[in-house]
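Have a look at the structure below before the remarks.
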Amino acid sequence: MSNNAPYSFFKSVEKSFDKASKFTNWENGLLEQIKACNSVYSMRFPVKMDDGRIEVIEAYRVQHSQHKSPCKGGIRFSEEVNQDEVMALASLMTYKCAIVNVPFGGGKGGIKINPREHSTYELEKITRRYTAELVKKNFIGPGIDVPAPDYGTGEREMAWIVDTYASLKPGEIDAAGCVTGKPITQGGVRGRKEATGLGVFFGIREVCNMKEEMEKRGLTVGVAGKTVVVQGLGNVGYHSAKFFREHGSKVIAIAEFEGAIFNAEGLNEEEVFQHRKKTGSILNFPGATNITKSTDALELACDILIPAALENVINGENAPRVQAKIIGEAANGPLTPEADDIFAAKGTLVVPDMYLNAGGVTVSYFEWLKNLSHVRYGRMEKRFTENLNTHILSQIEELTGKTVSAAERGFIMHGPEEVDLVHSGLEETMITATREIMQIWKDNPSIPDMRTAAYVCAINKVGTSYAELGIFP
Ligand code: GLU
């Protein structure tokens with residue numbers, strides 16, 4: 001891609017893929033198949049707006065790969081939505097799922113609208129009509145393709161989707177599994193909302209616990225005391241900031257569209273969120289300094305930078321000025337390949353999106369399993385575990401003649417709730433994936449960066465899956 005060519009997110013994913021495929025042994029044809037987007041559904045449909053005007057809505061659903069079923073990936077509402085972007089995001093979903101061993105192919109959807117410019121009723125009509133279009137073309141279903149929230153969408157939209165799907169498929173017993181990220185009352189799972197942010201935290205914490213990686217960058221082991229800059233105070237940015245703060249890091253800056261704020265003593269994301277809700281802006285937060293140009297926050301001196309907004313925010317132009325030692329890609333595609341090369345040369349550790357933000361889809365997988373099994377996690381074992389733990393503890397106390405504190409008693413006896421199981425499943429997933437990718441990188445020192453190592457991991461997993469399936473017919 002020359003510097004003057006328009007930015008293509010899909011091309012940038014292909015570029016990273018090609019860079020990594022050199023470190024694998026798959027034949028070209030198979031690599032081409034892994035890379036290709038299998039099905040691209042581009043649609044237009046009319047929606048009557050509140051003022052009686054008819055608007056033609058542009059929307060997409062892309063299924064990048066069916067090497068495992070169903071396809072999985074969010075739906076975004078944004079004015080920037082285009083086919084190239086949805087294709088890129090769908091590809092990233094395939095690789096992401098493979099790395100974290102979530103048995104789905106990649107998919108993604110997008111509706112080209114600015115949700116802020118529509119009433120709730122208009123948004124509901126658009127979402128329901130989009131879902132109906134997907135049903136008509138067999139592009140949605142618990143065993144076909146399962147959407148989820150993404151930029152500009154959340155629980156509310158997922159509830160509309162499941163309701164539309166279920167009403168068009170009466171009697172389908174697993175209908176709730178047609179979409180994830182639903183409200184709990186509609187078949188959602190506890191822990192889904194914070195999942196991506198928590199996954200980002202678990203992934204970065206694991207990297208920060210790697211002594212060798214920290215020493216190379218002059219950093220101490222652990223997340224405690226590290227300075228963090230977060231771009232984006234949406235669901236992912238908010239929860240990433242929350243978990244870093246709760247574990248002793250200092251979130252020194254938060255950036256949003258309208259600007260950024262800085263406080264060397266650390267910011268509390270909930271207070272900032274409330275301030276923004278009240279005043280309509282992140283700026284003028286008590287005790288913080290305003291940064292008028294939002295993107296300047298990316299260039300602040302800090303240990304960890306978390307871009308949690310949109311793609312292409314750190315590129316060949318601003319990457320040389322970024323001072324962070326670790327960049328955790330909470331968003332999808334925040335760095336361009338040019339930025340990657342600059343950071344590899346600088347020794348900045350870029351922890352890549354395609355696995356770091358996999359917390360969302362991992363917990364979506366848990367939600368889907370819950371929907372198919374029709375039972376809440378913990379329902380069968382919580383009481384049993386509590387009874388057993390109570391018994392073991394009383395035996396220990398009787399035999400030793402000593403008693404534990406009330407706090408310890410509560411901790412030991414506690415049987416798992418749904419949210420405990422979901423968080424622990426996520427923690428295990430993120431730790432395992434981080435170690436696996438780092439091992440691939442260590443085993444092959446000519447791999448230039450962690451993203452390439454993550455791609456190698458993904459390509460090998462998807463490649464094995466395709467090779468074992470054979471080519472049909
Ligand atoms: N939109 C999220 C992502 O990009 C979640 C996808 C899902 O849960 O299926 O990973």
Side-chain angles (χ1 to χ4, degrees), residues 9 13 60-65 68-78 81 85-111 134 139-155 157-158 161-162 176-183 187-200 202-203 232 234-237 239-240 307-311 328-334 352-371 422 425-426 429-430 433 454 458:
F9 189 5
V13 172
Y60 303 88
R61 183 72 191 174
V62 172
Q63 298 173 348
H64 171 257
S65 168
K68 299 232 187 284
S69 287
C71 293
K72 190 85 190 77
I75 295 179
R76 60 172 54 186
F77 286 2
S78 151
V81 160
E85 180 192 67
V86 185
M87 285 168 68
L89 293 165
S91 325
L92 285 175
M93 287 308 300
T94 296
Y95 309 138
K96 188 185 299 192
C97 290
I99 293 174
V100 292
N101 297 324
V102 163
F104 296 145
K108 202 78 171 200
I111 305 186
L134 294 178
F139 255 67
I140 184 170
I144 298 168
D145 190 348
V146 181
D150 199 85
Y151 188 81
T153 58
E155 286 187 350
E157 288 73 17
M158 303 308 118
I161 292 174
V162 71
C178 78
V179 67
T180 59
K182 301 178 292 289
V189 74
R190 289 161 187 83
R192 175 64 182 83
K193 208 177 200 154
E194 67 273 32
T196 310
L198 184 57
V200 168
F202 284 144
N235 180 41
V236 180
H239 285 105
S240 303
L310 280 175
E311 55 261 21
E329 290 187 309
N332 286 307
D353 52 358
M354 53 189 283
Y355 102 91
L356 189 68
N357 68 26
V361 76
T362 301
V363 176
S364 277
Y365 171 46
F366 301 155
E367 179 176 334
W368 181 78
L369 290 173
K370 175 187 184 181
N371 297 148
V422 164
L426 176 60
T429 303
M430 293 310 295

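Just follow the structure's listing: the first ligand is 1, and inside any ligand the first atom is 1.
Atoms of ligand 1 lying under 4.0 Å from at least one heavy atom of A148, given by number and element, are 6 (C), 7 (C), 8 (O), 9 (O). Of all atoms in ligand 1, numbered sequentially from 1 with element shown, those under 4.0 Å from a heavy atom of G73 are 9 (O). Close approach to N332 involves these atoms of ligand 1, each under 4.0 Å from a residue heavy atom: 4 (O). The atoms of ligand 1 that sit less than 4.0 Å from any heavy atom of G360 are 8 (O). Ligand-side atoms of ligand 1 in range of S364: 7 (C), 8 (O), 9 (O), range being under 4.0 angstrom from any heavy atom. Atom numbering of ligand 1 starts at 1 in the shown order; those under 4.0 Å from a heavy atom of K108 are 1 (N), 3 (C), 4 (O). Residue G74 has at least one heavy-atom neighbour below 4.0 Å for each of these atoms of ligand 1: 1 (N), 6 (C).
Distance check: I111 CD1 to Y60 OH gives 11.5 Å after rounding to the nearest 0.5 Å. Between atom NZ of residue K108 and atom NZ of residue K72 there is a gap of 9.5 Å, rounded to the nearest 0.5 Å. One distance of note links CD1 of I75 with CG of L134; it measures 6.5 Å at 0.5 Å rounding.
Residues S364 and R192 bring a donor and an acceptor atom of their side chains to less than 3.5 Å of each other.
The closest approach between E367 and ligand 1 stays at or above 4.0 Å for every heavy atom of the residue. In this structure, M93 is part of the shell of residues with a heavy atom less than 4.0 angstrom from ligand 1.
The protein heavy-atom contact nearest to atom 10 (O) of ligand 1 is K96 NZ, 2.7 Å.
Without hydrogens or angle criteria, N235 side chain to K193 main chain gives a donor-acceptor distance under 3.5 Å. When atom types are taken as modelled, the side chain of E329 and the backbone of D353 share a donor-acceptor pair closer than 3.5 angstrom.
Residue contacts with ligand 1 for L92 are absent, since no atom lies close enough (heavy atoms, distance under 4.0 Å).
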Query raised in the report: For V146 and F104, what are the C-alpha separation, side-chain angles and deciding distance, and is it a side-chain contact (heavy atoms from CB on, under 4.5 Å)?
Result: CA-CA 9 Å; V146 181; F104 296 145; 6.0 Å; no

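Contact check for I161 versus I140: side-chain heavy atoms found under the 4.5 Å cut-off. Inter-residue side-chain proximity for R61 and P147 is flagged as met; some heavy-atom pair is nearer than 4.5 Å.
Residue-to-ligand polar distances place P149 within reach of ligand 1: an N/O pair is separated by less than 3.5 Å.
With R192, K72, M354 as candidates, the residue nearest to atom 5 (C) of ligand 1 on a non-hydrogen basis is R192.
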